[in-house]
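Nothing here was measured: the structure is a model prediction, and the numbers come from that model.
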Amino acid sequence: MNRLLIIGPPGAGKGTQAARISEELAIPAISTGDIFRANIKGETELGREAKQYIDAGNLVPDSVTNRMVRDRLGQQDAGQGFLLDGYPRNTAQVEELDRILEELGQKLDGVLLLTADNEELVQRLLGRAAQEGRSDDTEDVIRHRLDVYASETAPIVDLYAERGLVTEVDGLGSIDEVTERLLSAVR
């Protein structure tokens, strides 16, 4: 089975790689951002609840995020596997994901940790910001995002590493090279 997480710093290419890996393995790529948008667009009860937080400029609380992930993982297309991107983001969400999978009679098969040099990531993100006209993505903001990622993600990676689930994959190189490395890690 392919029940996987993909974790990596901003700019490492998680979204691009998640789409490619999910297609190759014929499993859905499940991004919390996509789940939020789908629920908000569909005006579901969870979507309306999440929208209140987002509209107020606040993070969607774990209780709402967890319920959305529980609902999404319970859908038929995720029964044969999935690639989660953006969840879990903290140790409480790791515990909740464990409960969700246990209730579904499933277990996590692996965690793909995309790694990349911070200086390379800063340059990538500055380039993307310029290309997309994101004037708020300054070097200071990008470095802060990388610091936050490192401090928030380290405990999650450590938990999964203790379980023997983490495979580090170099996220630098061409998109095709990184995809091949990731596929080699899960096959």
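Between Leu83 and Ala18, the closest heavy-atom pair is CD2-CA, 3.5 Å. Taking all atoms of both residues into account, the shortest heavy-atom contact from Pro9 to Leu121 is CG-CD1, 3.4 Å. The minimum heavy-atom distance between Met68 and Ala50, with the atom names listed, is CE-CB, 3.5 Å. Between Leu112 and Ala185, the shortest heavy-atom contact is CD2-CB, 4.0 Å. The minimum heavy-atom distance linking Asn66 with Ile100 is given by the pair O-CD1, 3.9 Å. Closest non-hydrogen pair, Arg89 versus Ile156, comes out as C-CD1, 3.0 Å.
Salt-bridge annotation for Arg20 and Glu23: absent, with no side-chain N of the basic residue lying under 4.0 Å from a carboxylate O of the acidic one. For Lys107 and Asp109, the salt-bridge test passes: some basic side-chain N is under 4.0 Å from an acidic carboxylate O.
The CG atom of Leu25 lies 6.0 Å from the CG atom of Leu183; values are rounded to the nearest 0.5 Å. Going from atom CG of Leu73 over to atom CD of Glu103 covers 11.0 Å, rounded to the nearest 0.5 Å. Here CG of Leu46 is found 10.0 Å from CZ of Phe36. Values are rounded to the nearest 0.5 Å. The distance from atom CG of Asp147 to atom CD1 of Ile142, rounded to the nearest 0.5 Å, is 12.0 Å. Distance check, rounded to the nearest 0.5 Å: CG of Leu172 to OG1 of Thr115 gives 7.0 Å. Separation of atoms CG (Asn39) and CZ (Arg67) is listed at 10.5 Å; rounding is to 0.5 Å.
Around the CG atom of Leu104, the shell of radius 6.0 Å holds more than 12 heavy atoms that belong to other residues, nucleotides or ligands. At most 12 non-hydrogen atoms from other residues, nucleotides or ligands lie less than 6.0 angstrom from CD of Glu102.
There is no path of hydrophobic side-chain contacts, each under 4.5 Å, that joins Leu146 to Ile6.
Between Leu182 and Thr167, every side-chain heavy-atom pair lies at or beyond the 4.5 Å cut-off. Annotation: side chain of Leu84 is not in contact with side chain of Leu108 (no heavy-atom distance under 4.5 Å). Using a 4.5 Å heavy-atom cutoff, the side chains of Gln93 and Asp62 are in contact. With a 4.5 Å cut-off on side-chain heavy atoms, Ile35 and Tyr87 do not count as touching. Residues Pro10 and Leu125 form a side-chain contact, since some pair of their non-hydrogen atoms from C-beta on lies under 4.5 Å apart. At a threshold of 4.5 Å between non-hydrogen side-chain atoms, the residues Asp77 and Arg72 count as touching. Here the side chains of Tyr160 and Pro88 are in contact, with some heavy-atom distance below 4.5 Å. Contact check for Glu139 versus Leu126: side-chain heavy atoms found under the 4.5 Å cut-off.
Under a 3.5 Å cut-off, the side chain of Thr153 and the backbone N or O of Ala150 do not form any donor-acceptor pair. Within the 3.5 Å criterion, the main-chain N or O of Ile40 finds no donor-acceptor partner in the side chain of Lys51. Remark: side-chain polar atoms of Gln17 are paired, donor with acceptor, to backbone N or O of Ile175 under 3.5 angstrom. In this structure a side-chain-to-backbone donor-acceptor pair under 3.5 Å is present from Glu177 to Ser174.
The salt bridge (charged side-chain N to carboxylate O under 4.0 Å, His left out) with Asp98 is formed by just one residue from the set Arg163, Arg3, Arg70; it is Arg163. No option in Leu114, Ile21, Asp170 other than Leu114 meets the side chain to side chain contact (heavy atoms under 4.5 Å, CB included) test with Val178.
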* Take Arg143 and Asp140 through the test salt bridge (charged side-chain N to carboxylate O under 4.0 Å, His left out) and record every step on the way to the result. => CA-CA 5 Å; Arg143 288 188 186 283; Asp140 287 343; 5.9 Å; no

* Give the C-alpha distance, both sets of side-chain angles, the deciding distance and a yes or no for salt bridge (charged side-chain N to carboxylate O under 4.0 Å, His left out) between Arg48 and Glu45. => CA-CA 5 Å; Arg48 288 189 296 274; Glu45 180 184 332; 5.6 Å; no

* To do: Could you please spell out the steps behind the side chain to side chain contact (heavy atoms under 4.5 Å, CB included) verdict for Val111 and Val157?
  => CA-CA 8 Å; Val111 176; Val157 172; 5.9 Å; no

* Trace of the side chain to side chain contact (heavy atoms under 4.5 Å, CB included) decision for Glu24 with Arg187 -> CA-CA 11 Å; Glu24 188 69 30; Arg187 287 192 170 138; 3.1 Å; yes

* Asked: Between Ser31 and Asp85, does a side chain to side chain donor-acceptor pair (under 3.5 Å) hold up when you go through it step by step?
  -> CA-CA 5 Å; Ser31 150; Asp85 172 12; 4.9 Å; no

